[in-house]
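What follows is a short report on a single structure.
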Amino acid sequence: MNQQEASAGGNGAGQRPVYRPAVDIVDAPNEMVVFADVPGVDETHLDITLDKNVLSIRGTVEPPSFEGQTRVRTEYGVGDFERTFTLSDDVSRDGIEASVKDGVLQLKLPKTARSARQKINVVAR
């Protein structure tokens with residue numbers, strides 16, 4: 001993620017950038033799956049909420065500590081993550097699952113029964 005994808009968290013000293021994580025969205029027969037890149041974030045530092053139709057993802061990253069060492073140069077920008085999505089009525093609000101592994105958040109969004117893909121059989125007349 002580059003600096004163009006980050007916004008300043010404010011103008012005061014000590015403010016950290018807030019990054020908009022890149023996502024992949026996969027359409028499966030009974031669910032939508034969202035993969036979001038959140039490097040450095042673990043399950044204890046993720047906050048995922050659903051308010052009406054808005055799904056919000058927020059993650060915080062603890063900056064590295066360099067106790068007993070002097071930082072000479074820093075190129076990797078540590079910041080927090082934030083992204084929101086507006087869900088359609090095709091997504092069931094029940095049964096949403098979230099997991100994180102190796103800096104990738106996976107959200108499983110089950111489809112409603114009426115929006116699930118189904119096979120229509122064709123018969124001869």
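This is a predicted model, so every value here is computed, not measured.
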- Are Y19 and V38 close enough that some pair of their side-chain heavy atoms sits under 4.5 Å apart? no

- Query: Is there side-chain contact between L55 and V34, with at least one heavy-atom pair below 4.5 Å?
  - Reply: no

- Query: Hey, what do you get for OG1 (T84) to CZ (R20), rounding to the nearest 0.5 Å?
  - Reply: 8.5 Å

- Query: Is there side-chain contact between L46 and V100, with heavy atoms separated by less than 4.5 Å?
  - Reply: yes

- Applying side-chain hydrogen bond (donor to acceptor under 3.5 Å, both in side chains), name anything that partners T44, two or more places apart in sequence or on another chain. D42

- Query: Other than F35, which residues form its hydrophobic cluster under the rule that side-chain heavy atoms must be closer than 4.5 Å?
  - Reply: V26, V33, V104

- Item | Residues that R73 engages under salt bridge (charged side-chain N to carboxylate O under 4.0 Å, His left out), provided they are two or more places apart | E75

- Taking it one step at a time, do D90 and K111 satisfy side-chain contact (heavy atoms from CB on, under 4.5 Å)? CA-CA 6 Å; D90 292 339; K111 293 180 180 179; 5.7 Å; no

- d(T112 OG1, D94 CG) to nearest 0.5 Å is 11.0 Å

- Message: Could you check whether any side-chain heavy atom of I96 comes within less than 4.5 Å of a side-chain heavy atom of P110, counting everything from C-beta outward?
- Response: yes

- Taken in chain and number order and not counting sequence neighbours, the residues that satisfy side-chain contact (heavy atoms from CB on, under 4.5 Å) with V61 are R16, V41, V78, F81

- Pairwise distance OG(S56) to CD1(I48) - rounded to 0.5 angstrom: 10.0 Å

- Task: Using a 4.5 Å cut-off on heavy atoms from C-beta on, say whether the side chain of L87 contacts that of L109.
- Result: yes

- Audit row: I57, D47, side-chain contact (heavy atoms from CB on, under 4.5 Å) steps and yes/no: CA-CA 6 Å; I57 301 168; D47 181 35; over 6 Å; no

- Message: Between D37 and D24, is there a side-chain heavy-atom distance shorter than 4.5 Å?
- Response: no

- Message: If hydrophobic clusters are built by linking Ile, Leu, Val, Met, Phe, Trp and Tyr wherever their side-chain heavy atoms come under 4.5 Å apart, do V91 and I25 end up in the same one?
- Response: yes

- Only counting residues at least two apart or in another chain, list the ones meeting salt bridge (charged side-chain N to carboxylate O under 4.0 Å, His left out) with R58. E82

- Message: Run the side-chain hydrogen bond (donor to acceptor under 3.5 Å, both in side chains) test against N53 and tell me which residues pass, sequence neighbours left out.
- Response: R93

- Message: So, taking the atom named CE in M32 and the one named OG in S92, what distance separates them when rounded to the nearest 0.5 Å?
- Response: 14.0 Å

- Non-hydrogen side-chain atoms of V23 and R83 separated by less than 4.5 Å: yes

- Message: Quick check against the 3.5 Å criterion: does S65 have a side-chain atom that pairs as donor or acceptor with the backbone of E67?
- Response: no

